[in-house]
Every structure is written in C-alpha cells, then in structure tokens.
Amino acid sequence: PQIRKMLSSGVCTSTVQLPGKVAVVTGANTGIGKETAKELAQRGARVYIACRDVQKGELVAREIQTMTGNQQVLVRKLDLADTKSIRAFAEGFLAEEKHLHILINNAGVMMCPYSKTADGFEMHIGVNHLGHFLLTHLLLEKLKESAPSRVVNVSSLAHHLGRIHFHNLQGEKFYSAGLAYCHSKLANILFTQELARRLKGSGVSAYSVHPGTVNSELVRHSSFMKWMWWLFSFFIKTPQQGAQTSLYCALTEGLEILSGNHFSDCHVAWVSAQARNETVARRLWDVSCDLLGIPMD
Ligand SMILES: NC(=O)c1ccc[n+]([C@@H]2O[C@H](COP(=O)([O-])OP(=O)(O)OC[C@H]3O[C@@H](n4cnc5c(N)ncnc54)[C@H](O)[C@@H]3O)[C@@H](O)[C@H]2O)c1
C-alpha cells in the first residue's frame with residue numbers, strides 16, 4: 001500500500017471549506033466525477049450531479065448524502081450528446097440557483113465506435129469538447145456574477161497524441177476511436193487556455209487537468225484497454241486518487257494566477273506543442289461557436 005501511495009502522488013491538501021458555495025460536476029454518477037462530487041459535498045457545498053441517467057444519479061446522491069451528512073446533493077439530467085438537453089439543464093439551473101462557484105467539466109467518453117450526437121457531431125468531440133463548451137458558455141454569466149469562481153476541464157495525458165484537424169474535426173475523412181479521444185482531450189486544453197484568456201480580470205479562472213490513469217468505467221468500449229487496465233491495475237489510481245487534481249484546481253487558494261494552465265498530480269504539467277498553439281485555440285473557439293450556433297464576439 002505504501003508503494004501504491006507513492007506512485008499515486010498528488011493529494012489535494014487544501015483545507016478550504018465550501019458552505020454557501022454551489023458546484024456542478026458533470027458525469028458525477030461514476031468514477032472520478034463521483035469522488036469529486038463527494039469531496040465537494042464533504043466540504044459543505046451544494047453539489048449538482050449532472051448526468052444522463054437520473055436514477056443512477058439519485059442512488060449516488062443518496063450515498064453521498066449518507067456519507068457526508070450533506071443533504072444538498074442534487075441530481076439533474078444532462079446529456080452532453082444532445083444540445084437540447086444541455087440547454088434544458090442550463091435553463092433549469094439558472095432558474096433555480098443564484099450562484100455557481102465551481103463548474104467541473106468531468107464527463108467523458110473514450111474509444112466508442114463511430115457514432116454521432118443528436119446534433120450530428122462525432123461522439124468524442126461532441127461530448128468531451130462541444131458539449132462542455134456549450135454548457136460553460138450557457139453558465140458563464142452566472143460564474144461571472146459569482147466570482148471568484150472556477151472552471152475545471154478534465155482532459156488527459158492522451159492529448160499528446162491529439163491534433164486539431166479542422167477539415168476532419170468530425171472524423172468525416174478519417175476515423176480512429178483512439179485518436180478521436182486524444183483529439184477531444186487536446187480540445188479540452190485549448191478551450192481552457194482560450195477561456196482563461198477571455199476571462200482575464202473577470203474573477204473566473206479556468207484549469208485543465210490530467211487525473212492520472214484511473215480505474216473507472218471509462219474503458220468500457222475497449223476490450224484491449226480493459227485488459228491493459230487489468231494488467232497494470234497495481235499502478236492505476238483509484239477514482240478517489242484520480243479526483244485529487246480536479247479538487248486541487250477547484251479549491252486551492254491563490255491559484256488564480258495560474259489560470260489557463262494544465263495540471264497533473266496537483267502540479268502544473270507540461271503540455272504538447274499543439275496544446276500551446278494560441279492560433280489553433282482561437283480558431284477552435286470560433287469553429288465551436290459556429291457549430292453550436294453561439295454568436296461570436
Ligand atoms: N480513467 C482514466 O484513466 C482517465 C485518464 C485521463 C482522463 N480521464 C478523464 O476523466 C474524466 C472522467 O472519466 P472517468 O475515468 O471517471 O470515467 P467514467 O466512465 O467512470 O466517467 C465518465 C462519466 O461521463 C459520463 N458521460 C458519458 N457520456 C455522457 C453524456 N453524453 N452526457 C453526460 N454524461 C456523460 C458517464 O456517464 C460517466 O458518469 C473523463 O473526462 C476522462 O476523459 C480519465
């Protein structure tokens with residue numbers, strides 16, 4: 001257990017408590033998101049579990065309520081593969097909540113067979129990037145009104161293999177399930193950087209994170225990855241350990257000066273050359289607005 005503990009370094013040591021604070025965590029009914037939501041609830045925040053399956057979400061909410069004693073754990077339907085669902089979630093949230101202090105864009109799909117979202121976007125870029133892009137856009141005014149507030153985008157080390165090919169953003173010319181995931185995780189980092197640039201001085205800061213290699217349901221679509229996870233299970237983080245960097249970025253005092261940075265194991269982490277390309281980040285922002293029908297400024 002000691003070696004395992006050392007291998008999974010990076011623990012959020014913040015003692016910040018969150019009474020009166022409001023947080024939204026996407027995909028919080030399983031894995032890293034569930035552990036993130038649990039810790040935020042433990043610290044006293046009102047936590048929204050935003051997930052596709054409300055019934056599963058309710059079971060998790062009950063579990064977190066029992067474990068933390070915090071009854072303010074709420075479940076709301078959010079399907080990031082459908083812009084109507086994203087808009088409905090945001091509309092409901094804005095109607096019922098005065099504040100939003102922490103938005104954790106955690107949900108994700110990996111290596112699913114070629115498929116499209118309700119709006120015709122390729123599933124990885126559609127859910128992992130465009131879904132969260134739209135959600136953040138819809139909640140941005142609330143985040144600004146609630147400043148200081150934070151957005152945490154859960155990306156991955158896999159972004160190193162990602163490329164943003166604007167002529168093949170939807171896998172229309174070439175598709176590989178593995179690479180599609182990497183491209184979408186690169187998009188998470190570019191989105192974070194551009195968001196941070198645009199939000200400078202607003203009191204809203206943004207961070208991207210690599211949670212580590214974590215034992216979760218993410219590998220559900222790939223037998224090979226399931227086997228790899230099993231083979232290396234000793235070295236793999238638990239979801240609770242995987243939640244630490246998201247929590248670090250959401251909670252650590254004074255982190256605002258590092259807005260736009262990428263974090264791993266609760267430290268600033270190096271990103272690929274593609275992930276540092278401001279021109280691509282700006283263009284991806286514009287293309288995303290265009291695809292989602294968001295007016296460009
Ligand atoms: N597990 C790892 O090793 C690892 C490594 C790097 C990055 N990540 C990232 O961590 C994040 C969390 O993944 P995890 O490992 O906890 O996996 P997970 O599969 O347990 O959790 C992903 C969550 O996203 C939700 N989701 C998927 N599609 C959705 C949709 N259309 N609408 C709403 N929710 C949807 C799932 O229901 C699930 O709750 C993901 O963004 C993933 O890319 C994970």
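This chain uses plain numbering: 1 for the first residue, then up along the sequence. Counting starts at 1 for both ligands and their atoms, following the listed order.
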**Item:** Ligand-side contact atoms (ligand 1) for residue partner Ala81, heavy atom cut-off under 4.0 Å
**Value:** 31 (N)

**Request:** Can you figure out which of Ser85, Ala107, Ser246, Gly57 has its heavy atom closest to atom 34 (N) of ligand 1?
**Result:** Ala107

**Asked** Which is it for Lys185 and ligand 1 at heavy atoms under 4.0 Å: side chain, backbone, both or neither?
**Response** side chain

**Message:** Does Glu58 have more than 12 heavy atoms from other residues, nucleotides or ligands lying within 6.0 Å of its CD?
**Reply:** yes

**Item:** Reference residue Ser184; test side chain to side chain contact (heavy atoms under 4.5 Å, CB included); the match among His124, His159, Met123, Met110
**Value:** His124

**Message:** With heavy-atom distances below 4.0 Å as the criterion, list the atoms of ligand 1 near Gly31.
**Reply:** 16 (O), 20 (O)

**Fill in**
Note: ligand 1 atoms sitting under 4.0 Å from heavy atoms of Gly27 are 23 (C), 24 (O), 25 (C), 39 (O)

**Request:** Could you tell me whether Glu91 and Arg87 have a side-chain N and a carboxylate O separated by less than 4.0 Å?
**Result:** no

**Item:** Proximal atoms of ligand 1 relative to Val109 (non-hydrogen, under 4.0 Å)
**Value:** 27 (C), 28 (N)

**Message:** For atom 20 (O) of ligand 1, which of the options Asp53, Thr30, Asp82 provides the nearest non-hydrogen atom?
**Reply:** Thr30

**Message:** As an exercise, state the distance from NZ of Lys185 to CD1 of Ile125, rounded to the nearest 0.5 Å.
**Reply:** 10.5 Å

**Item:** Parallel, tilted or perpendicular: ring planes of Phe133 versus Trp285, cut at 30 and 60 degrees
**Value:** perpendicular

**Asked** Taking atom SG of Cys249 and atom CZ of Arg150, what is their separation to the nearest 0.5 Å?
**Response** 8.0 Å

**Request:** To the nearest 0.5 Å, tell me how far Ser85 OG sits from Arg52 CZ.
**Result:** 10.5 Å

**Prompt:** Got an N/O contact under 3.5 Å between Ile32 and ligand 1?
**Reply:** yes

**Request:** Indicate yes or no: does an N/O atom of His210 lie under 3.5 Å from an N/O atom of ligand 1?
**Result:** no

**Request:** Looking only at distances, please establish whether an N/O atom of ligand 1 is found under 3.5 Å from an N/O atom of Ala28.
**Result:** no

**Message:** Suppose I only count heavy atoms of Thr213 and a 4.0 Å limit; which atoms of ligand 1 are within that range?
**Reply:** 3 (O)

**Aromatic contact, His183 with His129 (centres under 6.0 Å)** = no

**Asked** Which atoms of ligand 1 are found less than 4.0 Å from any heavy atom of Ser156?
**Response** 6 (C), 7 (C)

**Val154 neighbourhood, listing ligand 1 atoms whose heavy-atom distance to it stays under 4.0 Å** = 9 (C), 10 (O), 11 (C), 41 (O)

**Prompt:** Phe166 versus Val287: any side-chain heavy-atom pair under 4.5 Å?
**Reply:** yes

**Shortest heavy-atom approach to atom 40 (C) of ligand 1 - which of Leu135, Asn106, Val60** = Asn106

**Asked** If you measure from each non-hydrogen atom of Cys51 to ligand 1, which part falls under 4.0 Å: side chain, backbone, both or neither?
**Response** neither

**Prompt:** Going by the atom numbers of ligand 1, which of them fall below 4.0 Å from some non-hydrogen atom of Gly212?
**Reply:** 2 (C), 3 (O), 4 (C), 5 (C), 6 (C)

**Prompt:** Under 4.0 angstrom from ligand 1, any heavy atom of Ser155?
**Reply:** yes

**Asked** Do we see a donor-acceptor contact under 3.5 Å between the side chains of Asn188 and Asn153?
**Response** no

**Message:** Using every non-hydrogen atom in the two residues, find where Val16 and Leu251 come nearest and quote the distance to one decimal.
**Reply:** CG2-O, 3.4 Å

**Item:** Non-hydrogen atom of Arg52 closer than 4.0 Å to ligand 1
**Value:** yes

**Prompt:** Is any NZ, NE, NH1 or NH2 atom of the basic residue among Lys237 and Asp265 found under 4.0 Å from an Asp or Glu carboxylate oxygen of the other?
**Reply:** yes

**Short N or O distance, Asp79 and ligand 1, threshold 3.5 Å exclusive** = yes

**Proximity of Val127 to ligand 1 by residue part, where a heavy atom lies under 4.0 Å** = side chain

**Item:** Proximity of Leu78 to ligand 1 by residue part, where a heavy atom lies under 4.0 Å
**Value:** backbone

**Prompt:** Hey, is Lys34 close enough to Glu63 for a salt bridge, meaning N to O under 4.0 Å?
**Reply:** yes

